J.: 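Encoded as structure tokens, here's the structure I'll be asking about.
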Amino acid sequence: VVKHGVGCAVRSGGPGRSAGCRRRNRLPALVPPPRIHRHRYFGVLAPNSPLRTAVTTLALAATTSPPAPISIDPENDTPGVMKEYLKRYRAGPGWDFLTGSRKDIDAVMRAFNAYIPNKMSHYALTFIHAPTDDNWIKLLGIMSSSEFADEAKKAGLR
Amino acid sequence: MRQLTLLLRSMIILLALGGVAIAEENPAKTGGDAAEIKRLGERMYRDGLLSDGTPLLGDIKGDVPVDSTIFSCANCHTRSGRGSVEGKFASPPVNGATLFSPRYNVKDQLKNAVSKSRGVVRQAEPLRPAYTDETLAAALRGGVDPNGRELSPVMPRYNLNERDMQILVSYLKNLNSTVAPGVTETSLKFATIVTEDVSPADRQAMMALIETLVTINQQTKTQKKLPQFAKFFRSLENEFFRDISVSTWELKGDPSTWRAQLEAYYQKEPVFAFLGGISNQSWQPIHAFCETNKIPCLFPITDLPVISSSDWYTFYASKGYYQEGETAARFLAGQATPGGGQRILQIVRSTPQGEALAAGFTAAWHEGGRAGMETVTLAADQKLDGDRLQELLRQHQPTTVVIWSGEDVLAALTGIGADTDLPGVVVSSRYLGSAVMTIPEALRSKVLITLPYRTPEAEVGFKGYADSLTFGKLKQPDTKRIASRTFSMSHIFLQGLRGIKPDFHRDTLLDVISMSPDQNLPDFERYSFGPGQRYASKGCYIVQLDQGETPRLIKKSDWVVN
């Protein structure tokens, strides 16, 4: 697992330095309540991606808070389609699959430095952030549950 | 040099799909008849269910459990076994031809292909020997290939008993192992479908482009003979080149008789796929024929497609009228004031167009349990006039009236009594035709129009696209967007064909097209693709006319309204 510290503070020397940074700091507000968790999880994964399940399973194993995957295929992922996904992925209470306009979703991806112009070439990314820390940690690739637990521990989550 | 690199790269991809026919599995070994074994294998591969109906289980990286009913083999390796590349993970091909023959490195593979075309059998050391039933079982269970190499950690290790393993192995062995209809060593047969109601000019607009496709295919053959065409590539071309032919299947009479006519054509001449096609009537009978016979049908020109989330074989450019209705409903729902209280009156002329618009509108409006909608149906020959509209408005008191009818809408709107307070109005520009531009200025701010294409200003950039295939053969301007829509079909078809060579199987073609990146093509915004997605462009604009003698269409929404 390659780990990058891409939090604002690390990168630009303090929050609010650049537009991108300010946007990133505002991101939690984009996610509707209930969102007061020990940490937040975003799965920005394409529909039908095999990796989506792997990552959401990880999230469930590692946290009690529900994941909030955001579609990167908003043209296809209408609320009706998203409901099917919820069923298929055996969503528990509190799960929200989010979709929106292409512009908003591109903004979210860009803010996380995870913009992928071609949805067919997306890759697995996991973002975690400790309650006491404003920095997001970006984890690349697919991890086993124990690897994820290690990363979470290092980030001060457990 | 850059072109050469690209060419080489595409050849490497082509060569990754070597083709060898595999013998049928002996059904006695797995204890059941062949058809049942195939059905169970297919269910396991596509839906992740074992022969006893329980989920196929496995794990990733040792401790991430995988339930195959959530993501199955087909999710990554695709339905055809063609494999996929997604982000940083490549899921290799798993069809019988690939698994049960040795895998060579790229250099040897190129040489092998060339040697084969010259009739020489070349022995090269393979990277991986052909799988056997036993080694494939070991790879599926333990994640180790016959050379002892670990498979990618993302590939689940499956927990399969002996019988289920035999079913799965047998399924993979027979996946894409028979030669698809319409394919020979040297040729590929296609057809296009034209129904009797299509005018000769419209038919010619589509056929002009399809004829060009065939011409270009034949020209390539001539170019290959030129001395400039390197010998090495020429040999490779022999392996991959096919003569393309496209026949025209004309359907006559009532749509209920089309099925029998299609069966008769197919009996006489089995084709690999349908390229385009055109009809002014519902595509349903042709769609159903393609589903039954598993024949791909690529982007027919129809505004009345079949709406289904599970059908597999027909690709449409959009959902046609249905999509306009759907977008209008989502747009209106998004305009709701916090207090709610929207009352929608939908007036529908019972023509196929009106009914498709209404079906889309109704389905999208009821998404999320919205209420407050009433529908009034007019007979197909019953014109809407001012008095009737006024009466309906008085009776239902709607906040918005949605009228799915033709030119009579204009007469009704202008003929309405001056004392009536007109609510918001929604109409379809495709149904109204050019009359939509004549909406009186006084009404323009009240009338929302669904526009299924790009605005004329934005379309300018796509004007010359179809010309590259029409070669001036069109006998009249392409006002109905037939040539331009056929251009888009040709473009996507050629990309798909390039992607499947030389694995000429129907499911492979569909899978490869499904994995295309987004495309910007004439008429519709953003053709986008994905597994199982069969309506490429997924939106429609809501527009209004501005004031003035030659009004412009002003966008009120994005292309896709969620």
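In the text below, chain A, chain B and the rest are named by the order of the sequence lines, each starting its count at 1. Computed from a predicted model, the values in this text were never measured in an experiment.
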J.: When rounded to the nearest 0.5 angstrom, what is the spacing between NZ in A:Lys83 and CD in B:Glu367?
T.: 7.5 Å
J.: Residue by residue, which of residues 305-314 of chain B have a heavy atom closer than 4.5 Å to a heavy atom belonging to chain A?
T.: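 From residues 305-314 of chain B, none sit under 4.5 Å of chain A.
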J.: Is B:Arg330 close to A:Thr78 at the side-chain level, that is, under 4.5 Å between some pair of heavy atoms?
T.: yes
J.: Heavy-atom distances under 4.5 Å only: say whether B:Phe529 touches chain A with side chain, backbone, both or neither.
T.: backbone
J.: Compare every heavy atom of A:Glu75 with every heavy atom of B:Val560, then report the nearest pair and how far apart it is.
T.: CG2-CG, 3.5 Å
J.: Does B:Arg43 have any salt bridge (Lys or Arg N to Asp or Glu O under 4.0 Å) partners at least two apart in sequence or in another chain, and if so, which?
T.: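 None.
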J.: Roughly how far, to the nearest 0.5 Å, is the CG atom of A:Asn118 from the CE atom of B:Met515?
T.: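 That separation rounds to 12.0 Å.
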J.: How about A:Arg102 and B:Arg526: do any of their side-chain heavy atoms sit closer than 4.5 Å?
T.: yes
J.: Side chain, backbone, both or neither: which part of B:Thr69 has a heavy atom under 4.5 Å from chain A?
T.: both
J.: Below 4.5 Å from any heavy atom of chain A, which atoms of B:Val561 appear? Answer side chain, backbone, both or neither.
T.: neither
J.: Relative to chain A, which segment of B:Ser557 carries a heavy atom at a distance below 4.5 Å: side chain, backbone, both, or neither?
T.: neither
J.: Do the side chains of A:Lys103 and B:Asp558 get nearer than 4.5 Å, heavy atoms only?
T.: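 Side-chain contact under 4.5 Å: no.
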